[in-house]
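To start, the structure itself, in structure tokens.
None of these values were measured; they are calculated from a predicted model. Per chain, numbering begins at 1; letters A, B, ... match sequence-line order.
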Amino acid sequence: MAQDKRQVDAITARDVDFAQWYTDVCKKAELIDYTSTKGMFVLRPYGYAIWENIQNVLDADFKRTGHTNVSMPMLIPESLLQKEKDHISGFAPECAWVTMGGSEKLEERLCIRPTSETLFCDHWARVVHSWRDLPMLYNQWCSVLRWEKTSRPFLRHREFLWQEGHTLHATPEEAIAETEQQLECYAQFCENILAMPVLRGRKTLKEQFAGAEATYAIECMMHDRKALQAGTSHYFGNGFPTAFDISFTDKNNQLVHPYETSWGVSTRIIGGIIMTHGDDNGLILPPRIAPIQAVVIPVAMHKPGVLDAASALKDRLAAAGVRVKLDGSDNSPGWKYAEYEMKGVPLRVEIGPKDMEQQQCVIARRDTGEKTFVPLAELESKVKELLDAVHDNMYAMALKNREDNTFDITTLAQAKAIAEGEGGFLRSKWCGALECELAMKEQAGVTSRCMPLEQSGTEGVCPVCGKKCSTDIYWGVAY
RNA sequence: CGGGGUGUGGCGAAGUUUGGUAUCGCGCUUGGUUCGGGACCAAGAGGCCUGGGGUUCGAAUCCCCACACUCCGACCA
């Protein structure tokens with residue numbers, strides 16, 4: 001299109017340089033800004049609004065299953081962090097410490113929380129006494145700090161926002177059920193709200209969370225065929241409760257340790273949304289979390305009645321429960337089209353003098369670019385219908401990308417060829433040996449993503465050692 | 001943490017090789033004309049060139065040292 005020449009702020013093409021495209025979108029869609037503190041970012045109003053919508057949906061889900069929100073301290077005494085030794089050895093390299101209080105050196109240094117298992121356990125050790133106190137179903141929305149060496153918007157911040165659920169149960173069965181329930185909660189959130197298809201699976205021992213007995217995750221494929229872990233759910237057994245001396249008297253009057261879980265989703269998932277759905281015109285937001293679901297653009301708005309007509313459309317949509325914005329600024333219509341495409345607004349509603357004569361408006365979809373003339377009488381129903389259609393199409397496109405780029409392999413050579421070529425998910429059997437997992441990393445450059453919960457049950461061979469085995473596993477290059 | 005790249009008004013760049021006190025586009029402000037895919041005209045405002053040392057009569061430019069961002073690895077969510 002000739003008009004494209006006027007795009008002064010065009011972003012890097014997605015398939016030319018995906019990393020640069022990603023950074024361009026984060027900045028130009030006004031999601032994020034850099035700060036004077038290395039590795040830390042500002043979530044700007046539009047970026048934070050996405051997070052708020054994610055919070056609203058997830059928080060309601062958590063509450064529906066009986067969880068309540070709490071707030072734990074930001075600082076952890078070193079002695080507390082050291083109680084569970086796998087945990088501290090996993091997190092020690094990325095802890096930041098507070099060593100001074102005012103001008104006084106502290107007797108014991110305090111870790112700025114990288115995660116809060118130890119804080120929850122410390123608290124529970126004080127308050128849990130009886131089986132009647134269980135389960136403890138807690139969650140907190142907070143930020144945590146990990147001293148990362150490199151950072152990228154949303155994908156890796158030194159400080160990031162997340163929610164961490166922590167629960168305590170009387171039996172292992174109950175705790176495992178909780179772990180699975182929360183994994184499924186995340187999976188459905190991704191699929192039904194974010195239009196992101198996920199693989200539900202268990203992590204290998206090597207990829208397991210520090211201190212966990214089992215780690216489950218949902219894995220998504222980004223447009224560049226790399227993997228992003230969108231959420232995790234851990235089963236801890238009673239390792240932490242034992243280390244922290246949490247015990248309760250059960251129904252048989254026996255003093256026993258309870259079983260624990262934790263699960264989390266962070267702002268990283270916003271990076272996943274961007275990299276799953278975006279295109280060369282910028283962001284494409286899933287309608288169900290888009291801060292603006294429809295933007296009304298008046299055309300030739302100096303002409304009599306146009307602005308009033310546009311305003312009426314906005315009011316009707318707002319009354320129908322649609323998150324809608326009217327852009328009455330004096331930028332040209334074309335400028336506004338490009339602007340809201342960059343910001344990923346799912347629907348654009350145009351109204352101008354010609355439409356007013358016809359008692360209609362124009363609705364353009366962000367995902368396909370398709371424009372439809374809609375009689376004004378059908379505005380609300382059509383907008384809702386299109387929002388669902390956009391969601392469904394976004395999901396279908398993302399699923400197609402994953403399916404087209406998932407390959408069954410039986411040898412290391414095949415794995416290497418695919419990883420060095422276009423990339424994608426590799427599906428194979430795995431014998432369970434760490435050496436074979438490491439060989440995949442060293443020779444093919446891929447790490448294990450997960451062992452899917454749905455196992456085929458068939459027998460095959462490990463692509464590295466050739467041994468007969470039946471565990472299905474996915475490999476890929478991860479963010 | 002290793003290897004590359006970059007740092008000049010809000011953004012993107014030119015100027016650096018060959019030192020002489022900063023240029024352009026976009027954006028911003030004001031006024032006017034426009035408005036169906038990033039409008040046009042006019043008049044303005046805004047930078048001691050990432051920071052700190054050094055060389056020099058004189059440094060955006062040459063030399064050291066920091067810092068930040070970015071890409072590729074390693075590591076990690």
Side-chain angles (χ1 to χ4, degrees), chain A residues 1-12 17-24 26-28 30 33-41 90-95 114-115 144-162 164 203 206-210 215 217-219 227-232 234 262-269 271-272 281-282 297-303 306-307 310 327-342 348-356 358 360-362 364 369 371 373 441-442 445 447 477-479:
Chain A
M1 279 186 265
Q3 297 87 345
D4 287 351
K5 276 186 278 184
R6 293 220 299 266
Q7 294 193 358
V8 289
D9 272 350
I11 57 175
T12 307
D17 183 344
F18 193 77
Q20 189 59 53
W21 168 85
Y22 175 78
T23 307
D24 286 350
C26 287
K27 289 216 68 180
K28 297 242 167 82
E30 298 182 341
D33 195 22
Y34 291 87
T35 67
S36 298
T37 314
K38 180 183 163 68
M40 299 192 181
F41 297 84
F91 278 101
E94 44 189 9
C95 287
T115 178
V144 290
L145 197 83
R146 299 182 187 179
W147 210 251
E148 301 290 346
K149 289 168 183 166
T150 58
S151 52
R152 297 189 65 190
F154 295 114
L155 301 175
R156 181 156 285 108
H157 295 190
R158 280 188 171 171
E159 181 189 17
F160 59 89
L161 297 169
W162 76 349
E164 45 179 331
K203 289 285 186 181
K206 177 179 174 291
E207 301 285 327
Q208 198 158 284
F209 180 82
T215 290
I218 47 173
E219 293 280 338
L228 186 85
Q229 179 179 307
T232 49
H234 314 288
S262 80
W263 27 274
V265 157
S266 74
T267 43
R268 181 181 229 205
I269 207 165
N281 290 329
I297 312 252
V299 176
M301 66 183 188
H302 62 293
K303 294 194 175 152
V306 173
L307 207 49
D327 188 341
S329 71
D330 59 6
N331 289 306
S332 71
W335 188 93
K336 293 175 187 173
Y337 299 165
E339 175 71 7
Y340 293 100
E341 278 166 15
M342 178 63 68
R348 179 177 77 235
V349 180
E350 303 169 19
I351 186 157
K354 290 179 207 163
D355 300 311
M356 289 165 63
Q358 306 288 322
Q360 66 179 23
C361 62
V362 177
K371 288 188 182 184
F373 291 99
K441 171 66 183 167
E442 278 163 32
T447 53
V477 177
Y479 270 98

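Only the C1' atoms considered, C41(B) is 22 Å distant from G37(B), to the nearest whole Å. Nucleotides G51(B) and C76(B), compared at atom P, are 38 Å apart to the nearest Å. Comparing the same atom, P, in C48(B) and in G27(B) gives a spacing of 23 Å after rounding to whole Å. Rounded to a whole angstrom, the distance from the C1' atom of G15(B) to that of G9(B) is 16 Å. Comparing G2(B) with C64(B), their C1' atoms sit 23 Å apart, to the nearest whole Å.
The side chain of Lys38(A) places an N or O atom within less than 4.0 Å of a non-bridging phosphate oxygen (OP1 or OP2) of C69(B).
At a threshold of 4.0 angstrom between heavy atoms, the contacts of Lys336(A) with the nucleic acid are absent. Within the 4.0 angstrom heavy-atom criterion, no nucleotide atom of any strand lies near Gly272(A). Nucleic acid contact class of Ser151(A) (heavy atoms, under 4.0 Å, all strands): sugar-phosphate only. Across all strands, Pro93(A) comes closer than 4.0 Å to no nucleic acid atom at all (heavy-atom distances).
Judged by centroid separation below 5.5 Å and plane tilt below 30°, His302(A) stacks onto the base of C35(B).
Salt bridge status for Glu219(A) with Lys203(A): present, with a side-chain N to carboxylate O gap under 4.0 Å.
Closest-nucleotide positions on RNA chain B for Pro353(A) and Thr35(A) were compared, and the one nearer the 5' end corresponds to Pro353(A). Take the nearest nucleotide of RNA chain B for Pro153(A) and for Glu350(A): the residue whose nucleotide is more 5' is Glu350(A).
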| request: Could you encode protein contacts along nucleotides 72-77 of chain B as a string, one character per nucleotide from 5' to 3', using B for base contact, S for sugar-phosphate-only contact and - for no contact, with a heavy-atom cut-off of under 4.0 Å? | output: -BBSBB

| field | Footprint string (nucleotides 5-10 of chain B, 5' to 3'): B base within contact, S backbone only, - free, heavy atoms under 4.0 Å | value | ------

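Comparing U70(B), G36(B), G38(B) against the side chain of Tyr34(A) picks out U70(B) as the nearest.
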| So what is the 5' to 3' dot-bracket string for RNA chain B, if pairs are Watson-Crick or G-U wobble with both distances under 3.5 Å, crossing pairs use [ ] and | means the partner sits on another strand? | ((((((((.[[[[.)....(..]]]].((((((.....)))))).....[[[[[..)....]]]]])))))))....

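In this structure a side-chain-to-backbone donor-acceptor pair under 3.5 Å is present from Lys336(A) to Asp327(A).
Contact of the Arg156(A) side chain with the Arg146(A) side chain is not registered, since no non-hydrogen atoms from C-beta on lie closer than 4.5 Å.
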